[in-house]
Amino acid sequence: MKLYYFSAVGVLLSMGLSASELPDRQAQLPSVAKDANAQYIMPSDLSTIPEGEFGDKVRKGYQLFVNSQQMRDTYVGNELNCVNCHMNAGNKANASPLWGAYMAYPAYRKKNDKVNSYEERIQGCFTYSMNGTAPESGSESLVAISAYSYWLAMSGLMNQFNVAGPVPEMSDTDLLKGGNREDFPLPKAITSKLDQKALTMLPGRGFPKLEKPELAYSIERGKLVYLAHCQACHGEGGQGVKMAEVSALPPLWGPQTYNWGAGMHRVNTAANFIYENMPLGKSIQLTVQQAWDVAAFVNAHERPQDPRYKGNVAETQAKYHQHEGFYGKPSAADPSVILGSKSYPIFPASK
Amino acid sequence: MNKNNRLKGDYLKSVNTAAIGSIFLSSVLSFSVMANIPEESPKELLQTVPATAQVCLSCHGVDGEGLGIAGPRLAGLSSEYIADQVSHFQTGKRQNPTMMAMAMTVQGDNIKVVSDFFAAKPVADIKLQYRGDKVVITDIGEKLAFQGDWDRDIPACTSCHGPSGIGAGQFPRLAGQEPTYLKNQLLAWQSGARTGDADNMMGSIAKKLTAAEIDALTQYFSAQK
C-alpha cells in the first residue's frame with residue numbers, strides 16, 4: 001500500500017523533473033559484506049525457456065544483454081556490453097545479478113523521494129553505464145531485458161523452494177515494474193519462506209562490500225597493479241581490445257566506456273567489483289589494497305561527461321559527486337587537468 | 001610420468017621428428033613448396049620473404065597458413081603475440097624441442113621482422129558468431145566457447161578470444177587453427193608445460209577442463225574456417 005503511495009508521488013516528481021533534470025538513477029548499490037555460507041539462487045538453464053511469445057522476450061533479453069553492441073547508435077553510445085560487468089549473462093552472484101536487482105525494484109529512494117521501477121533502473125544503465133540514450137518506457141528492449149531478469153529470478157526462486165512447473169508468464173506492463181511489490185505473484189512455497197523484504201536482499205545481490213584498505217588508496221600504486229594484472233585485457237591505455245571492429249574486451253576509460261554518471265566510476269563500487277570478479281576467471285586473487293588502488297587508478301581518468309552536467313564541472317561535482325570519485329579532481333594522466341573538464345561526448349555516433 | 005604424459009611425449013617426439021625431417025627436406029624440395037604459389041617465381045618469393053623468416057616456411061607454410069601437423073597456422077595471429085611466443089620458446093616458457101631450437105635462430109630486431117611478416121598474412125573471412133547469436137547450445141565445445149561454465153569459474157572463451165575465436169593482441173586466433181595443435185596447447189596449459197600469459201589465466205582455465213571438453217573445444221574452433 002505504502003509503495004503505491006510513493007510510486008504515485010514518484011511519477012509526479014519524475015514528470016516535473018524530466019524537462020529540466022535527469023533523475024539520479026545510479027544510486028550507490030546497496031552492498032553488504034560477502035557471507036561465505038550464503039546460498040545463492042540458481043536460475044534454470046537457458047534451454048528451459050519456453051517456446052512462444054513470452055519465451056521469445058526472455059531470449060531477446062538474454063541476447064541484448066550479452067551482445068549489447070547490436071544496440072550501438074540506437075541506445076548504446078560506447079563499446080560496452082552489459083555482460084562486461086554482470087558476469088555469466090547477469091546470472092553470477094556477487095556480480096550484480098539481474099535476479100537480485102529484479103526482486104529489489106520498484107525501490108523507494110530517500111534522496112529524491114521517488115520510487116524507481118525496474119524499467120527506470122534499466123533506463124539508467126543505458127544513460128550512464130552505456131553512455132547512450134534510454135529506450136522509451138515500455139519499448140521492446142526494456143520489456144525483453146525485464147522479461148529475462150524476471151525469468152532468472154523466478155526460475156531461481158522456484159528451484160530453491162522446489163516449485164515444479166514452468167515460470168508463470170506475465171504481462172509486459174507487470175514485467176517492467178519489478179518484483180518488489182505486494183501484488184507480485186509468487187507461489188506460497190516461496191512467500192512462506194521469504195517475506196518481501198528478504199526477497200529484495202537476496203544473497204549475492206550487487207557487488208559484495210569490500211573492507212576498507214589498510215592504506216588510503218593510491219593512484220600511483222594502482223597504476224602498478226593495472227600494468228601487472230589488467231592491461232593484457234584492457235590495454236595499456238585502458239582502451240580494451242577490439243576484434244572485428246568491436247571491443248571484445250571492454251575499455252575502462254576514454255571515450256568508449258561508462259560515463260561520469262555511472263555507478264562504476266565510484267572508487268568503492270569499482271573496488272567491490274574488481275576484488276570479487278577480476279581478473280576474469282580469477283586465476284589470482286588481488287589483495288584488498290590492490291583492488292582499491294587499481295579502482296582509483298582506473299577511475300582517475302577522463303571519460304564521457306556526466307549527463308547531468310550543465311556547463312560547469314564544479315557545480316556538477318558539488319551537486320552529484322559527493323562520494324568516492326575523481327570527478328572534479330586532478331587526472332591520473334595529467335594532474336594539471338581537472339577531470340570532467342575534458343570529458344568525452346555523451347552518446348557519440350560510432351562512426 | 002603418468003600415462004597421459006607419456007603418450008603426449010611420444011606424440012610430440014613424432015611431431016618433432018616429422019618437423020625436423022621436413023626442415024632438411026625443405027632445401028631439397030623447395031621447388032615443390034614454392035609451386036604452391038604459381039603466380040610468383042621462386043626468385044620473387046625469396047625477395048618478399050625476409051631472410052630471417054625463411055627458416056619458418058617449411059613447417060608453417062609460405063604464407064604462414066600452417067602445414068597440418070608439421071606446424072600451426074601463424075597467419076591471423078598478431079605480431080605482438082608471435083613475438084611473445086618466440087621469446088617464450090627461447091626462455092623455456094613454451095616447450096617444443098624443434099621450436100626451441102628454431103626460435104634461437106631469430107634474435108634481436110629480427111623477432112619483430114618475422115612477427116610482422118606472418119602477422120600481415122591474410123586469413124580467409126569467416127562468418128562471425130557472436131555471444132547471444134544462439135541462446136540454446138547443445139555442443140559442449142560451442143557452449144564453453146560462448147557461455148563458459150561459471151559453476152567452475154570458466155568464462156566464455158570468446159570473451160577474450162573474440163567472436164568465433166578470431167583473436168587479437170595477446171589473445172591468439174583459435175578459429176581455423178590446426179586441431180592437433182589446439183589440443184596440444186590446451187594439454188600443455190593444463191600440465192603447466194606452457195606458461196607465459198598474464199597471471200596464468202589460460203593455465204587456470206585449462207586445468208578445469210575435462211578431456212572430453214578439450215576434444216570438443218579443439219573440434220569447434222578448428223572447424224571455424
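The shown structure was predicted, so the numbers you read here are calculated from the model rather than taken from an experiment. Excluded from the calculations below are hydrogen atoms, water molecules and symmetry mates; all remaining heavy atoms, backbone and side chain alike, are included. Note on naming: letters A, B, ... go to the chains in the order of the sequence lines (proteins, then strands), and numbering restarts at 1 for each one.
- Residue Ala228(A) comes nearest to Asp199(B) through the heavy atom pair O-OD2, 4.2 Å, listed as atom of the first residue, atom of the second, then distance.
- Between chain B and the options Asn67(A), Leu46(A), Asn88(A), Val66(A), the largest number of non-hydrogen pairs under 4.5 Å is found for Asn88(A).
- For the options Pro279(A), Cys233(A), Ala248(A), Pro250(A), heavy-atom pairs under 4.5 Å to chain B are most numerous at Cys233(A).
- For a residue to count as touching a neighbouring chain, one of its non-hydrogen atoms must lie under 4.5 Å from one of that chain's; by this rule Leu128(B) touches chain A with the side chain only.
- Residues Gln63(A) and Gly132(B) approach most closely at NE2-O, 2.9 Å, considering heavy atoms.
- Across Gly169(B), Ala198(B), Ser164(B), Ser159(B), the residue that shares the most heavy-atom pairs under 4.5 angstrom with chain A is Ser159(B).
- Note: Lys134(B) NZ to Tyr62(A) OH = 12.0 Å, rounded to the nearest 0.5 Å.
- Residue Asp125(B) places its CG atom among 12 or fewer non-hydrogen atoms of other residues, nucleotides or ligands, all under 6.0 Å distant.
- Using a 4.5 Å heavy-atom threshold, the side chains of Met243(A) and Phe171(B) count as touching.
- Heavy-atom contacts from other residues, nucleotides or ligands closer than 6.0 Å to CD of Glu80(B) number more than 12.
- In this structure, Gly281(A) and Lys208(B) approach most closely via the heavy-atom pair O-NZ, 3.8 Å.
- For Glu140(A), the CD atom is loosely surrounded, since the number of other residues' heavy atoms within 6.0 Å does not exceed 12.
- Counting non-hydrogen atoms of other residues, nucleotides and ligands closer than 6.0 Å to CD of Glu213(B) gives a total above 12.
- Here NZ of Lys143(B) is found 4.5 Å from CG of Asp45(A). Values are rounded to the nearest 0.5 Å.
- For Asn81(A), no part lies under 4.5 angstrom from a heavy atom of chain B.
- Contact of the Val246(A) side chain with the Pro163(B) side chain is not registered, since no non-hydrogen atoms from C-beta on lie closer than 4.5 Å.
- Crowding of Lys112(B) atom NZ: a count of heavy atoms from other residues, nucleotides or ligands under 6.0 Å not exceeding 12.
- For the pair Lys92(A)/Asp153(B), a side-chain contact is recorded, criterion being any heavy-atom separation below 4.5 Å from C-beta on.
- Annotation: Met42(A), atom CE; neighbour count of heavy atoms from other residues, nucleotides and ligands within 6.0 Å does not exceed 12.
- Other residues, nucleotides and ligands contribute over 12 non-hydrogen atoms within 6.0 Å of the NZ atom of Lys282(A).
- Contacts of Ala232(A) with chain B are made by both backbone and side-chain atoms, with heavy-atom separations under 4.5 Å.
- Taking CG of Leu280(A) as the reference point, atom SG of Cys160(B) lies at 5.5 Å (rounded to 0.5 Å).
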